[in-house]
Amino acid sequence: MVLAIGLAILLLLMLIGIGGPWFAHYGRISWRWPVGFTLVVLTLTLLGYQQLGGYTLVQQEALRQQEAKRLNNMLDKQSSDPTLYRLQQRIRQSPDNGVGWFSLAQYYLYRNEFDDALIALQQAERLQGANAALDAARATILYYQAGKNMTADVAYWLQQALAKEPLQYTALMLQASDKYTHAHYVEAIAIWQRLLDSDNPEIDRAVIIQALALARMMQQAS
């Protein structure tokens, strides 16, 4: 790209240097000048695109290598945790298994290793494509990474998850828990009741019933 710009400036200066005396002496220009100038511009344009395309490919390859290094470093981390080791081994054996990467992301979240959780989740998304469960997981990771705060990023990914799947269990549980934490008991109860009334097979009814009972008790006490 720099080379193309340099050539363009050099040729422009040459055209001015050659054309200036011609205009001064004859007061007109030959038909060859616009044709030649057009060809020069087209050549420089093509050269610029070629240089820019080459630079973009180099940039993309550098980013790919950087990402591969991040993934390998994460998988090579030593730990005495047998569950983590087992998940890492599973991915080494099947690196294109998006479900394995998702499980690893969830376990890193459980260990409060949020950066690694996000890296694993991004890889799962590359392999599986975007879906409501991954959006909700990203929101959950960001929520705990922010110290259990409903930041703009958390709210955005929750919105994405619920737009794809209005009864997404993880997303609604996170919303309800946050409402409860901030003493918005009516809203928390409404969300938990909505989940309880649904036919979502993922829900843990015992957990939700217990949460509802506690929220109602806190609502009466407040």
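Just so you know, these numbers use all the heavy atoms, side chains as well, and skip hydrogens, waters and symmetry mates.
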Exercise. Show the numbers, then the answer: is there a side-chain hydrogen bond (donor to acceptor under 3.5 Å, both in side chains) between Tyr107 and Asp81?
Key: CA-CA 11 Å; Tyr107 196 69; Asp81 186 330; 2.5 Å; yes

Quiz item: Which is it for Gln219 and Arg216 under the side-chain hydrogen bond (donor to acceptor under 3.5 Å, both in side chains) test, yes or no, and what are the steps along the way?
Solution: CA-CA 5 Å; Gln219 181 187 20; Arg216 285 169 178 148; over 6 Å; no

Practice problem: Could you please spell out the steps behind the side chain to side chain contact (heavy atoms under 4.5 Å, CB included) verdict for Ile91 and Asn97? | Solution: CA-CA 7 Å; Ile91 290 175; Asn97 183 357; over 6 Å; no

Exercise. Could you go through the side chain to side chain contact (heavy atoms under 4.5 Å, CB included) check for Leu127 and Gln123 one step at a time?
Key: CA-CA 6 Å; Leu127 295 170; Gln123 186 65 5; 4.2 Å; yes

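No donor-acceptor contact under 3.5 angstrom links the side chains of Asp115 and Tyr108, judged on distance only.
Taking CG from Leu87 and CG from Leu104, the interatomic distance works out to 5.5 Å, rounded to the nearest 0.5 Å. Rounded to the nearest 0.5 Å, atoms CG (Leu142) and CG (Leu121) are 9.0 Å apart. From His184, atom NE2 reaches atom NZ of Lys179 across 6.5 Å, with rounding to the nearest 0.5 Å. Rounding to the nearest 0.5 Å gives a distance of 7.5 Å between OG of Ser198 and CZ of Arg205.
Side-chain atoms of Asn149 do not come within 3.5 Å of backbone N or O of Thr151 as any donor-acceptor pair. Side chain of Trp101 to backbone of Pro95: a donor-acceptor contact under 3.5 angstrom is found. The backbone N or O of Glu113 sits nowhere less than 3.5 Å from a side-chain atom of Asp116 that would complete a donor-acceptor pair.
Checking Gln160, Gln159, Lys164 one by one against Asp135, the side chain to side chain donor-acceptor pair (under 3.5 Å) holds for a single residue, Lys164.
A continuous path of Ile, Leu, Val, Met, Phe, Trp and Tyr side chains, each step under 4.5 Å between heavy atoms, connects Ile141 with Tyr143, placing both in one hydrophobic cluster. The hydrophobic cluster containing Tyr169 also contains Leu212, counting ILVMFWY residues as joined when their side-chain heavy atoms lie under 4.5 angstrom apart, directly or transitively. No continuous path of hydrophobic side-chain contacts links Leu162 to Leu134 [ILVMFWY only; heavy atoms under 4.5 Å]. Residues Ile189 and Met150 do not share a hydrophobic cluster, clusters being chains of Ile/Leu/Val/Met/Phe/Trp/Tyr side chains in contact below 4.5 Å. Cluster annotation: Leu172 and Tyr185 are assigned to the same hydrophobic cluster (Ile/Leu/Val/Met/Phe/Trp/Tyr, side-chain heavy-atom contacts under 4.5 Å, transitive).
Residues Leu196 and Gln193 are in side-chain contact: their nearest non-hydrogen atoms beyond the backbone lie under 4.5 Å apart. Counting heavy atoms from C-beta on, the side chains of Arg194 and Leu167 come closer than 4.5 Å. Residues Leu158 and Gln168 have side chains not in contact (no heavy-atom distance under 4.5 Å, counting atoms from C-beta outward). Residues Gln106 and Tyr110 form no side-chain contact, since every pair of their non-hydrogen atoms from C-beta on lies 4.5 Å or further apart. The shortest side-chain heavy-atom distance between Met173 and Ile208 falls under the 4.5 Å cut-off. Using a 4.5 Å heavy-atom cutoff, the side chains of Lys148 and Thr181 are not in contact. Residues Met217 and Ser222 have side chains not in contact (no heavy-atom distance under 4.5 Å, counting atoms from C-beta outward). Side-chain contact between Gln145 and Asn112 is absent, with no heavy atoms from C-beta onward closer than 4.5 Å.
The aromatic rings of Trp192 and Tyr180 sit tilted relative to each other, their planes meeting at an angle between 30° and 60°.
In plain terms, the two heavy atoms of Ala136 and Ala161 that are nearest each other are N-CB, 3.7 Å. Of all heavy-atom pairs between Ile203 and Leu195, the closest is CD1-O, 3.4 Å.
For the salt bridge (Lys or Arg N to Asp or Glu O under 4.0 Å) test, no residue two or more places apart in sequence or in another chain qualifies with Asp178.
One finds no salt bridge joining Asp153 and Arg138 here, because no Lys/Arg side-chain nitrogen approaches an Asp/Glu carboxylate oxygen to under 4.0 Å.
Side-chain rings of Tyr144 and Phe114 stay apart, their centers remaining 6.0 Å or farther from each other.
The local environment of CD in Gln89 is crowded, with over 12 non-hydrogen atoms from other residues, nucleotides or ligands closer than 6.0 Å.
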